[in-house]
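Residues take their numbers from the sequence shown, with the count starting at 1. Since this is a predicted model, take the numbers as computed values, not measurements.
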Amino acid sequence: NADLFEWIEPMAGPVMLVRIKQPLETHGFTRRLVEEEGVLLIPCTTCFGMREGYLRLGLGSDPEVFDSGLKRTARFLRSNL
């Protein structure tokens, strides 16, 4: 999904930041994503005071659940561009 996202490699810990390459308002995007796909991402504008486009992902879940969430997020983004 390199056409949709770029990521900031975590130096340590269970948190990763990704940037959506398309211009969008992240709070509305994440709200729709959880409502329509059941995937919870945190917009970094909310918790870190960062600019639009950055999302926080927790890395501590079951690998199959995490993989499913990534796939649903990419599908949702592609269908809403």
Look up atom CD1 in Ile20 and atom CG in Leu4, then write down how far apart they are to the nearest 0.5 Å. 8.5 Å
Could I get the full list of side-chain contact (heavy atoms from CB on, under 4.5 Å) partners for Asn80, not counting sequence neighbours? Arg32, Phe76
Apply side chain to side chain donor-acceptor pair (under 3.5 Å) to Asp3 and list each qualifying residue two or more places apart in sequence or on a separate chain. Arg78
Atom pair OG1 (Thr73) and CG (Leu40), whose distance is rounded to the nearest 0.5 Å: 10.0 Å
Contacts of Lys21 meeting side chain to side chain donor-acceptor pair (under 3.5 Å) (sequence neighbours excluded), chain-then-number -> none
Check side-chain contact (heavy atoms from CB on, under 4.5 Å) between Arg72 and all other residues, then give those that pass, not counting sequence neighbours. Glu37, Val39, Ser68, Arg75
Phe5 CZ to Leu70 CG distance, which is reported to the nearest 0.5 Å: 8.0 Å
In this structure, NZ of Lys71 is separated from CZ of Phe66 (nearest 0.5 Å) by 12.0 Å
Check whether any side-chain heavy atom of Leu55 lies under 4.5 Å from a side-chain heavy atom of Phe29, and answer yes or no. yes
What residues, two or more places apart in sequence or in another chain, satisfy side chain to side chain donor-acceptor pair (under 3.5 Å) together with Arg19? Glu6
What one should report as the nearest heavy-atom pair of Thr30 and His27 is OG1-O, 3.0 Å
Say whether Val34 and Leu57 are linked into one hydrophobic cluster, either directly or through other cluster members, by side-chain heavy-atom distances under 4.5 angstrom. no
Please tabulate, one pair per line, all N/O donor-acceptor pairs under 3.5 Å involving side-chain atoms of residues 43-52, not counting sequence neighbours.
from, atom 1, to, atom 2, distance (Å)
Arg51, NH2, Tyr54, OH, 3.2
Glu52, OE1, Thr26, N, 2.7
Glu52, OE1, Thr26, OG1, 2.8

Counting heavy atoms not belonging to Glu64, are there more than 12 under 6.0 Å from its CD? no
Atom of Met16, atom of Val18 and distance for their closest heavy-atom approach: CE-CG1, 3.6 Å
